[in-house]
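Here is the structure we will look at.
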2 protein chains.
Amino acid sequence: MTITQLHYVLAVAEHKNFTLAAEKCFVTQPTLSMQIQKLEEELDIIIFDRSKKPISLTEVGEKIVTQAKNIVNEAGRIKDIVDQQKGYIGGEFKVGIIPTIMPTLLPMFLNNFIHKYPKVNLIIEENTTEEIITKLKNGHLDCAIAATPLEEENIKEIVLYYEPFVAYIPENNINYSKKEIDINDLDNDNILLLQDGHCFRNGILNLCKNNKFLEDGGFHLESGSFETLIKLADEGLGVTLLPYLHTLDLNENNKAKLRNFVDPKPAREVSLIYPKNELKIHIIEALRNTISGVVRGAIAFQNVEIISPKLK
Amino acid sequence: MTITQLHYVLAVAEHKNFTLAAEKCFVTQPTLSMQIQKLEEELDIIIFDRSKKPISLTEVGEKIVTQAKNIVNEAGRIKDIVDQQKGYIGGEFKVGIIPTIMPTLLPMFLNNFIHKYPKVNLIIEENTTEEIITKLKNGHLDCAIAATPLEEENIKEIVLYYEPFVAYIPENNINYSKKEIDINDLDNDNILLLQDGHCFRNGILNLCKNNKFLEDGGFHLESGSFETLIKLADEGLGVTLLPYLHTLDLNENNKAKLRNFVDPKPAREVSLIYPKNELKIHIIEALRNTISGVVRGAIAFQNVEIISPKLK
DNA sequence: TCATCTTGATAAATTATTTTGATGCAAATA
DNA sequence: TATTTGCATCAAAATAATTTATCAAGATGA
């Protein structure tokens, strides 16, 4: 069994077609046929059922493919180790970002970064915190941006910035008239939050433990976007909290309903997180510097005294 | 990079000697030299510092070796998949057992098992519950025996038996005169327990929540063996609890101090646990049957009504 | 139904890689 | 200085991978 053979197997499994898979592997079709036959012979099992159209995996084949992916993935990390040693800033670099950070932060640094490090092939994906942790640990992500602290084993966190929350108070609410809000003022309101998995929620729940929402769960909202939350708040269903960077894009009408918190402001800690093995530490450092640079201007002036909750 | 090359690298890393490593790989020394050179050339780094005696790993070399182990380990699982498919009962089979189960259970089934399945190369190691979980997940163990329930993701549990606890009451204790003990009778005693990590401890703490030991922690004992606990109890430092199978080996003097619990007896659930992928399920089933057979005779007659605590 | 197309298997020739036995060379040992 | 130890090197031999050309089975479609 060779790593090459496993690559061939994966290609056929993906394309369900020997000829096409061969092209993708930059070899001729007989090469693929032969090598896969050799592997099947060595293992004395059949991986592909060639009688079906399109070609399908046998039951064992499925398992072999799953494991082959693991092996190939692990093998790929050898290159990462070497790149790290050489201080090479380039190659594939996969970053996970949680949904509530993605739309505001990404545009701020993306252009900057790809121009500064053109050799890096940046691959960004939106993931929940939970997905991020799994993928960091199994190597499907090189680093991620999420709300912290997570205190996960084998994962390191470098704080990028503290982002204060801003209250969004609809007009009919008794707190609307206040210029600034204390977190305890909201004790009697429904606080509309994002669905679980969007870790933003965890960030707030711990701050207002006396809130009705938590006590009796008058109603349970599982919205996926701040836009929905704002509309629901406008309907008089409660108040909501928005991370500062999100409030910058609101229209004037909505901005009028924003109220800053008095110090100490509730805030979320946003960090760059990555596996302890520090395989791509050079690229991670590059990313950190880029983000720090652009973010400083955007939120540094906000005098954030943190009530950073212990997440999850 | 080939899997063979990685094997060669690991062999040299282990033996610190090309000639010896070559022997272990059943190839000649030039083969090893060439292949490792080829790999070093491909990666454009040096793995081994040949100037030192004995040969040593470079800094990158260390990392490469660590990763090579992962790759080789993952590659080895392909064989497991195939074996599983073929229902083959044989090959290497690694079992972890927690310290408080090892000495009593192992002798009961070991002989039986290795005679019944001579093709299985059984490798037993003593591990804490925590180690077991890690090793099951990363494939360094095929299955394990531990106190349950653990409720760990990706790990399955099959209960082997329920083992009742027996109280060990020193003579000076007020409970000594009782023929049977109620768990609540011990509320005012120090209960001597094994150190953390030995999961036996978790099994008891939840049962007697009012115990002084927990309330004020008059003193904290971190003993590693039941023998020590028994001696400390004899010194008048408290009472201790022993799993039933352990009590069978005590001397007469000690046995006199044992008191059964009244129903419902506290008990620990002992299970065979293994990864959800069920890679070696046939061997695991074989092991389960063997253990069930021998254990039934030993503790089935104990009318165990379980207070099985939820473990950590 | 019959020609045609698609697609994987096979054969033979070619090319590339791996392994080996013989030997060299440097450093340690005695 | 002679000897041993241990890795590197080399060229020949053995093995293995790849390719080109071709085939055969099943699908497609006129």
Side-chain angles (χ1 to χ4, degrees), chain A residues 1-62 64-65 68 71-72 75 78-79, chain B residues 1-62 64-65 68 71-72 75 78-79:
Chain A
M1 184 176 72
T2 68
I3 295 172
T4 311
Q5 285 171 343
L6 297 180
H7 272 114
Y8 292 167
V9 167
L10 291 184
V12 174
E14 182 182 350
H15 298 103
K16 312 278 180 214
N17 176 316
F18 276 66
T19 315
L20 181 55
E23 267 176 50
K24 300 285 176 184
C25 294
F26 305 105
V27 292
T28 57
Q29 169 263 315
T31 301
L32 233 76
S33 287
M34 291 294 247
Q35 286 307 312
I36 288 177
Q37 276 176 45
K38 259 195 59 178
L39 180 61
E40 287 181 324
E41 200 175 316
E42 177 187 337
L43 300 178
D44 192 26
I45 46 126
I46 299 299
I47 298 173
F48 295 104
D49 181 349
R50 294 136 167 105
S51 70
K52 296 210 182 102
K53 287 224 165 188
I55 271 181
S56 74
L57 283 160
T58 61
E59 213 172 304
V60 230
E62 294 275 8
I64 299 271
V65 164
I71 299 170
V72 166
I78 292 281
K79 187 174 182 313
Chain B
M1 185 177 71
T2 68
I3 296 173
T4 311
Q5 285 171 342
L6 297 179
H7 272 115
Y8 293 167
V9 167
L10 292 184
V12 174
E14 183 181 350
H15 298 104
K16 311 280 180 212
N17 176 316
F18 276 65
T19 315
L20 181 54
E23 267 176 49
K24 300 284 177 185
C25 294
F26 304 106
V27 291
T28 57
Q29 169 263 315
T31 302
L32 231 77
S33 287
M34 292 287 258
Q35 285 308 314
I36 288 178
Q37 276 177 46
K38 259 194 58 179
L39 180 61
E40 288 180 324
E41 200 175 315
E42 177 188 337
L43 300 178
D44 191 26
I45 47 123
I46 298 299
I47 298 173
F48 295 104
D49 181 347
R50 292 132 167 110
S51 71
K52 296 208 180 107
K53 283 218 168 188
I55 270 181
S56 73
L57 283 160
T58 60
E59 212 171 306
V60 230
E62 294 276 8
I64 299 270
V65 164
I71 298 170
V72 166
I78 292 280
K79 187 173 180 315

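Numbers restart at 1 for each chain; the letters A, B, ... are given by sequence-line order, proteins then strands.
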Which pair of non-hydrogen atoms, one from [X] and one from [Y], has the smallest distance, and what is that distance?
X: B:F48; Y: B:V9; answer: CZ-O, 3.5 Å
X: B:M1; Y: B:E42; answer: N-OE1, 2.7 Å
X: A:I3; Y: A:A75; answer: CD1-CB, 4.1 Å
X: A:L6; Y: A:A68; answer: CD2-CB, 4.0 Å

A:H15 NE2 to C:dT6 C1', straight-line distance once rounded to whole Å
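That distance rounds to 18 Å.
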Please report the distance, rounded to the nearest Å, between CD1 in B:I36 and C1' in D:dG6.
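Between C1' of D:dG6 and CD1 of B:I36: 14 Å.
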Within residues 41-51 of chain B, find the residues that approach DNA chain C with a heavy atom at under 4.0 Å, and present them sorted by residue number.
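Correct list: empty, so none.
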Contacts to DNA chain C from residues 17-24 of chain A, heavy-atom cutoff under 4.0 Å, which residues?
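The answer is A:N17, A:F18, A:T19.
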Dump every N/O contact between nucleotides 24-26 of chain C and the protein below 3.5 Å, one line per pair.
none

With sequence neighbours excluded, what pairs up with A:M34 under the side-chain contact (heavy atoms from CB on, under 4.5 Å) test?
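side-chain contact (heavy atoms from CB on, under 4.5 Å) list for A:M34, sorted by chain: empty.
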Could you list the residues that satisfy side-chain contact (heavy atoms from CB on, under 4.5 Å) with A:Q37, not counting sequence neighbours?
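With sequence neighbours excluded, A:Q37 shows a side-chain contact (heavy atoms from CB on, under 4.5 Å) to A:S33, A:R50, given in chain and number order.
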Can you list everything that forms a side-chain hydrogen bond (donor to acceptor under 3.5 Å, both in side chains) with [X]? Sequence neighbours excluded, please.
X: B:T58; value: none
X: B:T4; value: none
X: B:K79; value: B:D83

Keeping to residues at least two apart or across chains, list the salt bridge (Lys or Arg N to Asp or Glu O under 4.0 Å) pairs with something in residues 22-32 of chain B.
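Found none.
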To the nearest 0.5 Å, what is the distance between CD1 on B:I46 and CG on B:L57?
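Atom-to-atom, B:I46:CD1 and B:L57:CG are 12.5 Å apart.
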Name the atoms and distances for all side-chain donor-acceptor pairs under 3.5 Å in residues 10-18 of chain A, with sequence neighbours left out.
from	atom 1	to	atom 2	distance (Å)
A:H15	ND1	A:A11	O	3.0
A:K16	NZ	A:A13	O	3.2
A:N17	OD1	A:T19	N	2.8
A:N17	OD1	A:L20	N	2.8

Are any non-hydrogen side-chain atoms of B:L39 and B:Y8 less than 4.5 angstrom apart?
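B:L39 vs B:Y8: side chains apart.
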Encode nucleotides 16-25 of chain D as B, S and - characters from 5' to 3', where the letter depends on protein heavy atoms closer than 4.0 Å: B to the base, S only to sugar-phosphate, - to neither.
SSSBBB----
